[in-house]
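Small disclaimer: the values here were computed from a predicted structure and weren't measured.
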Amino acid sequence: MNKCGFLRKRGDVLQTWNLRYVEVDPQSHALKYYKDLPDGSGTQPRGSFSLVGCTIRPSKSTEQHRFEIVDRNEKIYYLEASSNGEMDEWIRCLKLNSTLGSMTDHASSEYKDNDLDGGNALAVASGQLLGDIDKRTGISRDRLMAITDAKWKAKCQLNDKYEQIQQRKADLEERYEGLGQEEENSTRNCIQLKLKDLHIRAIMFKDPGKYKQKL
């Protein structure tokens, strides 16, 4: 996988940031950088280094869009893209070339005794890389399905809980209405008893003898 474009690179000595034209060579799995855009007439790069076995990671700097390349000798190259999206693209490309380069070296060493040429070794390495990608993709697919299934079960449980709550609410409302009716009846009876008692008291006050006679 090849990629090219302008990046800002920090100098090794003065540690100043300078704009450089950077390109990835997919054949040698190396990163080359130029002072200006090459004119196609055999312009030599200002510098280059192998990506094989490198670690590529976002920088811990507070500045945005910066990332680092750490080679096998622990030397760190500092680069800066124009945006997070561009930085992510560069990191993916560099990681892929680093991995593919490492697998090519491993395959070349492993199959050297079998008289395999570089092209066949690269084919073997590519096959191993694709197999590893397929394996990781399968694992990711299984995890995604498991997460989806767990979300579906959780949603069903929430729906059941919601229905239970709604039913409980309806039961409470019905019970409250029943209590209200009972309270209303009880109040009506009390009023009737009070009125009857007042009526009796009025009769006794008006004609006590007559009330006793009725009793």
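- Under the 4.5 Å side-chain heavy-atom criterion for ILVMFWY residues, no single connected hydrophobic cluster contains both Leu100 and Val24.
- With rounding to the nearest 0.5 angstrom, the CZ atom of Phe6 is 7.0 Å from the CG atom of Asp36.
- In this structure, the side chain of Asp71 engages the main chain of Asn73 through a donor-acceptor pair within 3.5 Å.
- For Tyr78, there are no ring pair (Phe, Tyr, Trp, His ring centres under 6.0 Å) partners, not counting sequence neighbours.
- Counting heavy atoms from C-beta outward, Lys3 and Glu23 have side chains that stay 4.5 Å or more apart.
- Minimum heavy-atom separation, Ser98 to Gly53: OG-N, 3.5 Å.
- Transitive grouping of hydrophobic side chains (ILVMFWY, heavy atoms separated by less than 4.5 Å) keeps Ile76 and Tyr33 in distinct clusters.
- The two atoms that bring Met87 and Arg66 nearest to each other are SD-O, 3.5 Å, heavy atoms only.
- Looking at Thr99, its side chain does come within 3.5 Å of a backbone N or O of Lys95 through a donor-acceptor pair.
- Considering only heavy atoms from C-beta on, Trp90 comes within 4.5 Å of Leu7 through its side chain.
- Screening Val52, Ile56, Leu51 for a side chain to side chain contact (heavy atoms under 4.5 Å, CB included) with Asn97, the sole residue that qualifies is Leu51.
- In this structure, Leu31 CG and Ile69 CD1 are separated by 5.0 Å, a value rounded to the nearest 0.5 Å.
- At a threshold of 4.5 Å between non-hydrogen side-chain atoms, the residues Arg168 and Ile165 do not count as touching.
- Of all non-hydrogen atoms in Ser48 and Lys32, the two that sit nearest each other are CB-CG, 3.8 Å.
- A distance of 10.0 Å separates CD of Glu86 from CD of Glu80, quoted to the nearest 0.5 Å.
- Residues Arg72 and Ser102 come closest through the heavy atom pair NH2-OG, 4.4 Å.
- In this structure, Gln64 CD and Ser83 OG are separated by 10.0 Å, a value rounded to the nearest 0.5 Å.
- With a 4.5 Å cut-off on side-chain heavy atoms, Pro58 and Ile91 count as touching.
- Separating the NZ atom in Lys9 from the OG1 atom in Thr16 is a distance of 9.5 Å, to the nearest 0.5 Å.
- Taking the six-membered ring where tryptophan is involved, the planes of Tyr34 and Tyr21 are tilted, since the angle between them lies from 30° to 60°.
- Every residue two or more places apart in sequence or in another chain that forms a ring pair (Phe, Tyr, Trp, His ring centres under 6.0 Å) with Tyr77 is listed here: Phe49.
- For the atom pair CG (Asp88) and NE2 (His65), the distance works out to 10.5 Å, reported to the nearest 0.5 Å.
- By the side-chain hydrogen bond (donor to acceptor under 3.5 Å, both in side chains) test, Asp160 is found to be paired with no residue, residues two or more places apart in sequence or in another chain being considered.
- Here the side chains of Glu89 and Arg92 are in contact, with some heavy-atom distance below 4.5 Å.
- In summary, of the residues considered (Arg57, Lys75, Lys60), a salt bridge (Lys or Arg N to Asp or Glu O under 4.0 Å) with Glu68 occurs for Arg57 alone.
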